[in-house]
Undergrad: 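Pasting in a structure now, in structure tokens, and then I'll have a few things to ask.
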There are 2 protein chains.
Amino acid sequence: MDSKQADLAGVARLIGEPARAAMLDALLSGRALAAGELGRVGGVSPATASEHLARLRDGGLVEVVAAGRHRYYRLAGPEVAHALEALALVSPRRPVRSLRQSRVAAALAIARTCYDHLAGQLGVALHDALVDRDALAAGGDGYRLTEAGAQLMAGLGVDVAAAAAARRAFARPCLDFTERRPHLAGALGAALCARLLADGWLVRVAADQRGLRITPRGRRALATYFGVRLPDPRASTAGAPDG
Amino acid sequence: MDSKQADLAGVARLIGEPARAAMLDALLSGRALAAGELGRVGGVSPATASEHLARLRDGGLVEVVAAGRHRYYRLAGPEVAHALEALALVSPRRPVRSLRQSRVAAALAIARTCYDHLAGQLGVALHDALVDRDALAAGGDGYRLTEAGAQLMAGLGVDVAAAAAARRAFARPCLDFTERRPHLAGALGAALCARLLADGWLVRVAADQRGLRITPRGRRALATYFGVRLPDPRASTAGAPDG
DNA sequence: CGGATCCTTCGGCGCCGGCCGAAGCATGGC
DNA sequence: GCCATGCTTCGGCCGGCGCCGAAGGATCCG
């Protein structure tokens with residue numbers, strides 16, 4: 001335990017600027033984006049974008065990786081994504097302006113990435129299915145995989161050993177900011193998401209970096225492996241969030 | 001699912017101001033504090049404090065309850081506390097300045113409240129003990145109480161039925177920002193914390209609203225009921241956080 | 001009812017920081 | 001080598017907001 005104290009205001013100040021918040025939101029897709037593209041996302045000039053990104057970098061919120069004459073930025077880690085989601089959870093909603101925005105929001109509600117794992121109705125449904133089937137059990141820093149869970153993951157081709165060896169937490173619930181119920185995060189959640197994308201069960205929607213579309217094949221597979229059928233017609237009013 | 005989008009920047013901007021951040025930090029004790037006291041905490045005049053509190057109120061981060069000529073402010077809910085803790089988790093640490101600050105920080109690291117439940121080494125140890133003893137199991141929006149867990153809580157005099165009936169989540173892990181491992185949050189966590197305070201196992205430390213001291217009686221009881229012995233001499237380097 | 005306490009609103013000051021254009025520095029293509 | 005592209009740094013403008021003192025309203029006390 002180092003005897004220091006956190007600088008709450010500093011980090012919040014970094015996020016609390018519309019252009020930077022838009023950039024961070026875009027980076028919640030888990031992908032690394034070029035500085036210029038992030039500037040466009042934030043609606044500012046390249047010069048301003050560069051300043052913002054430098055600040056975010058100094059604040060430890062993003063990392064940069066140089067590639068040719070492009071510089072790609074990504075979130076500095078899962079805990080940054082977690083903080084952003086937690087903030088979104090308490091943010092007042094403001095009305096959408098266009099039909100297009102409404103369509104995008106509806107699509108995001110069904111399936112999207114939360115940093116590098118699955119969120120939205122799909123993410124929550126998968127989480128619940130894994131818990132209900134006793135594939136996940138309480139233990140360690142969140143969840144541990146049961147014998148049944150290990151077999152299920154092996155059947156899907158998820159590299160559980162690699163996930164267990166990662167320096168980050170293995171499996172952890174992450175409160176979904178649209179569903180207000182947990183979905184699966186951590187190394188296992190990321191590995192599962194990657195696998196489902198690689199297998200063509202899910203594809204990224206070009207319109208929004210975070211959006212996912214479930215392919216027909218994925219729909220069948222989700223029903224077979226997890227008993228999950230989406231979109232779920234049940235009412236969206238679920239349990240209240242909690243800290 | 002309402003088709004709206006969250007205003008990430010707005011909320012972060014509210015938190016990202018030193019005086020307001022200090023106020024919110026003080027409110028993380030879970031108590032309601034008067035406007036004047038919060039002004040002193042933030043190091044600003046009553047006038048400025050009032051402005052800040054009005055903004056926080058409009059932003060939905062705090063609630064106010066009038067009592068005589070005092071107006072007491074408290075966090076608007078558990079999800080606000082959760083967002084603050086998540087932010088603290090990614091905040092860079094800055095060196096403490098005085099010996100006094102160092103002592104306070106060390107005390108906070110051992111036992112403190114996180115909004116209305118237990119955090120610090122004590123909170124994490126209790127969480128781990130409950131999971132290890134199969135008092136808590138994965139289920140619902142986080143944890144459910146097993147039969148053994150229900151008996152344990154009953155023995156302590158914790159009103160589990162009331163906690164289960166609360167509108168908030170029943171039991172949920174909350175990532176501790178000093179330990180970087182989960183402690184127990186949710187209605188059950190709050191009920192447990194309240195019970196331990198009421199029974200005199202823990203007392204609040206006047207120097208810092210969030211700080212807790214374990215009484216000699218509490219120390220014995222914690223060992224008896226949970227097998228928990230603090231301060232724990234094991235190294236503080238634990239698993240990395242995750243979103 | 002008059003004074004004390006607590007809080008809020010108002011007016012005005014000052015500064016931080018977000019913005020851009022222009023210039024500087026890399027990299028890549030030809 | 002020369003130019004185009006992508007990004008960053010620099011200088012300067014300007015608006016927002018954080019700050020306070022003073023004034024006003026509410027509550028409690030004697």
Side-chain angles (χ1 to χ4, degrees), chain A residues 7-27 31-76 92 94, chain B residues 7-27 31-76 91-92 94 209:
Chain A
D7 177 23
L8 198 63
V11 182
R13 197 174 196 85
L14 283 177
I15 306 172
E17 200 284 327
R20 285 196 293 261
M23 293 175 176
L24 292 170
D25 186 75
L27 292 175
R31 297 152 73 93
L33 300 176
E37 181 155 4
L38 287 171
R40 245 172 290 126
V41 167
V44 294
S45 74
T48 304
S50 185
E51 291 179 7
H52 283 316
L53 290 168
R55 279 171 183 264
L56 290 174
R57 191 166 123 76
D58 291 345
L61 293 184
V62 303
E63 292 172 342
V64 63
V65 43
R69 49 186 171 185
H70 294 269
R71 301 191 71 192
Y72 290 96
Y73 288 84
R74 63 169 178 228
L75 295 188
R94 58 178 173 194
Chain B
D7 177 23
L8 199 62
V11 182
R13 197 175 195 85
L14 283 177
I15 306 172
E17 202 283 327
R20 286 196 293 261
M23 292 175 175
L24 291 170
D25 186 76
L27 292 175
R31 297 152 73 93
L33 300 176
E37 182 155 5
L38 287 171
R40 245 172 290 126
V41 166
V44 294
S45 74
T48 304
S50 185
E51 290 179 7
H52 282 317
L53 289 168
R55 279 171 183 263
L56 291 174
R57 192 166 122 77
D58 292 344
L61 293 185
V62 303
E63 292 172 342
V64 62
V65 42
R69 49 186 171 183
H70 295 269
R71 301 191 72 191
Y72 290 95
Y73 288 84
R74 62 169 179 229
L75 295 188
S91 300
R94 58 179 174 194
Q209 295 281 22

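Protein chains get the first letters and strands the later ones, always in sequence-line order, with residue 1 at the start of each.
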Undergrad: Which residues in residues 10-24 of chain A have at least one heavy atom lying under 4.0 Å from any atom of DNA chain D?
TA: none
Undergrad: Establish, with yes or no, whether the OP1 or OP2 oxygen of C:dT8 is under 4.0 angstrom from a side-chain nitrogen or oxygen of B:Y73.
TA: yes
Undergrad: Not counting sequence neighbours, list each pair that qualifies as a ring pair (Phe, Tyr, Trp, His ring centres under 6.0 Å) and has a residue in residues 34-53 of chain A.
TA: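 Matches after skipping sequence neighbours: none remain.
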Undergrad: Across nucleotides 25-30 of chain C, 5' to 3', mark each nucleotide with B, S or - according to how protein heavy atoms within less than 4.0 Å reach it.
TA: --BS--
Undergrad: Please check: side-chain N/O of A:R13 versus main-chain N/O of B:P18, any donor-acceptor pairing under 3.5 Å?
TA: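 Checked: no pair found.
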Undergrad: Between B:L27 and B:L38, is any pair of side-chain heavy atoms under 4.5 Å apart?
TA: yes
Undergrad: For a quick test of reading the model: is some side-chain N or O of B:H70 closer than 4.0 Å to OP1 or OP2 of C:dC7?
TA: yes
Undergrad: If every non-hydrogen atom of B:G42 is compared with every non-hydrogen atom of B:A22, which pair is closest and at what distance?
TA: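 So the minimum-distance heavy-atom pair works out to CA-CB, 4.0 Å.
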Undergrad: Measure across B:A21 and A:L8 and return the closest heavy-atom pair with its distance rounded to 0.1 Å.
TA: O-CD2, 4.2 Å
Undergrad: Does a side-chain N or O from A:Y72 land closer than 4.0 Å to OP1 or OP2 of D:dC7, or not?
TA: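 No, outside the criterion.
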Undergrad: Heavy-atom distance under 4.5 Å between the side chains of A:R74 and A:Y72, does that happen here?
TA: no
Undergrad: Can you see if the side chain of B:R71 gets near the phosphate of C:dC6 - specifically, an N or O under 4.0 Å from OP1 or OP2?
TA: no
Undergrad: Heavy atoms only: give me the nearest A:H70-A:A34 pair and the separation to one decimal.
TA: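 So the minimum-distance heavy-atom pair works out to ND1-CB, 4.2 Å.
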Undergrad: Hey, are the side chains of B:I15 and A:V11 touching, using non-hydrogen atoms and a 4.5 Å cut-off?
TA: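 SC-SC contact between B:I15 and A:V11 ruled out.
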Undergrad: Among all residues two or more places apart in sequence or in another chain, which pass the salt bridge (charged side-chain N to carboxylate O under 4.0 Å, His left out) test with A:R71?
TA: none
Undergrad: With sequence neighbours left out, write down each residue that passes salt bridge (charged side-chain N to carboxylate O under 4.0 Å, His left out) with B:E37, or none if nothing qualifies.
TA: none
Undergrad: Which parts of residues 45-58 of chain B get close to DNA chain D, meaning a heavy atom less than 4.0 angstrom away?
TA: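 The answer is B:S45, B:A47, B:T48, B:E51, B:H52, B:R55.
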